[in-house]
Amino acid sequence: MDTDEFIAGITAAAGKQPVSLLQYLYHIQYEYSYIPPRAIDRLAETLSLTPAHIRGVIGFYTFLHEQPRGHYDILISDSITDHMLGSRELTEQLCGRLGVTLAVPREDGRVTVTTTSCTGMCDQGPAMLVNGLAITRLDNKRIDSIAELIESDTPVEKWPGEFFQVTDNIRRSDILLDNSEEDDDSDGAALNALLEHGADTVLEQITASGLRGCGGAGFSTGSKWRLCRDSEADQRYVVCNADEGEPGTFKDRILLQSYADRVFEGMTLCGGVIGADRGLLYLRGEYRYLRDDLAAILQQRRDRGLLGKNILGQEGFDFDIDIHMGAGAYICGEESSLLESLEGKRGIPRIRPPYPVSHGYLGKPTVINNVETFAHATLIARHGADWFNSIGTDKSKGTKLLSISGDCDRPGIYEYPFGTSVRQILEDCGAKDVQAVQVAGAAGSTIPADEFDRCIAFEDIATGGSFMVFDQTRNMLDMVQNFAHFFVHESCGFCTPCRVGGSLLSDLVDKLCRGDASRYDIDEMSAIASLMKSASHCGLGTTAPKPVLDMIDKFAQVYQAKLKHSEYEPAFDLDAALQDARDITGRDDAGAHINKDTV
Ligand code: SF4
């Protein structure tokens, strides 16, 4: 389609708002496989923005490109658990079959193959995205088939359906994943409870339940809703954070795929409690395959009177939900970055305070909760606070969804009451000879075997839901290196401690993996890590050094075996740098060589 016509169509549909810039760019990317210069100029004119501003936004998001990608744009997951399942070898196989270099479009423009951060399919990896759609369970055969389909120019819509199958893999359910008839979400039971008992009572129930944010931070949900409701404003918003980008986390995928009514009902409930009439679901770009189904469920809810004007016939109870797509930026899972992204900007974290409950989306009071939190709120409104807070521990009420991947027989989703031990979980998922578990993703904690009696709870091991298992055959340094590279890639670059510190740390980890590091480098890592922890602007920078620190504190044997020299190893190889000059001049001074064994 002609670019001008296409831009006119998408901007007219969304009311020509600068705040929708990211959504326009997202559509253009998938229509043309890049953002053509003409599209940037047209958007600039239509939205009264500068082309430089638009280019700045494009440059921030991994899934947006100013240069054409291949007609088939393939992104293979670079997550550590996919590495463990052979993703690197499969990537080589695909590149070899197609005759492409990684990250370079093939000369005929047919295909690009590159890697991306975790795609949220760790329970059924290795996984890839082709033109934004997930393909799971890659193996040699599937890779060969994909290469043939690309060479025969078969449209992605005609590729075998089983390639795109994403299963729920629910292995253990409790109250949240209960699918009994009583908890049928399509009847609006939680909203009926709101209308029957009133917003104050429902808010009291949410508070008394002890429900805390399930994205990992654990702030009291009732307090958050109350703070937002009590902020003076003519308009409030409800935002559902479905940008689960933490490596190894895929629980929100299941909730959105099979329990979306429960999530949307929780958002609507929140809207009714705080006095908001608009909700936004921020869906991570990797879950593009869910978007149409979610839009259909929203429409069904409107048709049943559970969304829109006068919900369930109650005059003045208005609430509706839009879906906004993310575009491949891990930092946008941080709530203030997410707000920037929702406003069509680069996802740079805001300075806080003020917090979103008083200054959120478009500067208005906003509740931002995780997908799982909203789903829990729906059930609490139906069944009451006592029902919920009778489960769990003193400080952690209810249940937690865990996304389990890595070295175990039964990867998938497990719902546990808070307080369940790591040991129990490992037994349930069929993990044997376990060396360590990484809980809460790349920014989380590495738990060694002597800590397996610790529990999943806010007061012990807090987690957003990622639970990656590593058996004794694994080199834990591979994990540390993978996470160090991940954080360099995902740093937004706004502040120096994270931008520079993360790169320095990653270089030192690489040096250690090469076997060139010394004790001095380990001390350097500690110093950089503590600086990042204390001086970074947001949670990404403060948690990024965690895997390195855990390795130093808890896995000394892992790095000690790799130390080449016990004291000092220069970062710069002077001899290698001088070699050309020595060869050309034919001069060499044996005494000028650095004798590493004596340094
Ligand atoms: Fe950006 Fe990292 Fe600084 Fe956070 S800590 S603002 S991600 S550079």
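Just follow the structure's listing: the first ligand is 1, and inside any ligand the first atom is 1. Please read all numbers here as calculations on a predicted model, not as lab measurements.
- Note on atom 2 (Fe) of ligand 1: protein N/O/S atoms under 2.8 Å are C498 SG.
- Within the structure, salt bridge (charged side-chain N to carboxylate O under 4.0 Å, His left out) pairs that include any residue of residues 125-134 do not occur (at least two apart or interchain).
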E45/K16 under salt bridge (charged side-chain N to carboxylate O under 4.0 Å, His left out): CA gap, chis, key distance, verdict: CA-CA 10 Å; E45 282 166 32; K16 298 185 184 174; over 6 Å; no
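- A cation-pi contact, defined as under 6.0 Å to the ring centre and within 45° of the axis, links R284 to Y287.
- Residues meeting the side chain to side chain donor-acceptor pair (under 3.5 Å) test with Y282, sequence neighbours left out: S341.
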Enumerate donor-acceptor pairs with a distance under 3.5 Å from any side-chain N or O in residues 492-509 to protein atoms, sequence neighbours excluded.
{"from": "R499", "atom 1": "NH1", "to": "G493", "atom 2": "O", "distance (Å)": "2.8"}
{"from": "S503", "atom 1": "OG", "to": "R499", "atom 2": "O", "distance (Å)": "3.4"}

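- Using a distance-only test at 3.5 Å, with no hydrogens or angles considered, a donor-acceptor pair links the side chain of S530 to the main chain of A527.
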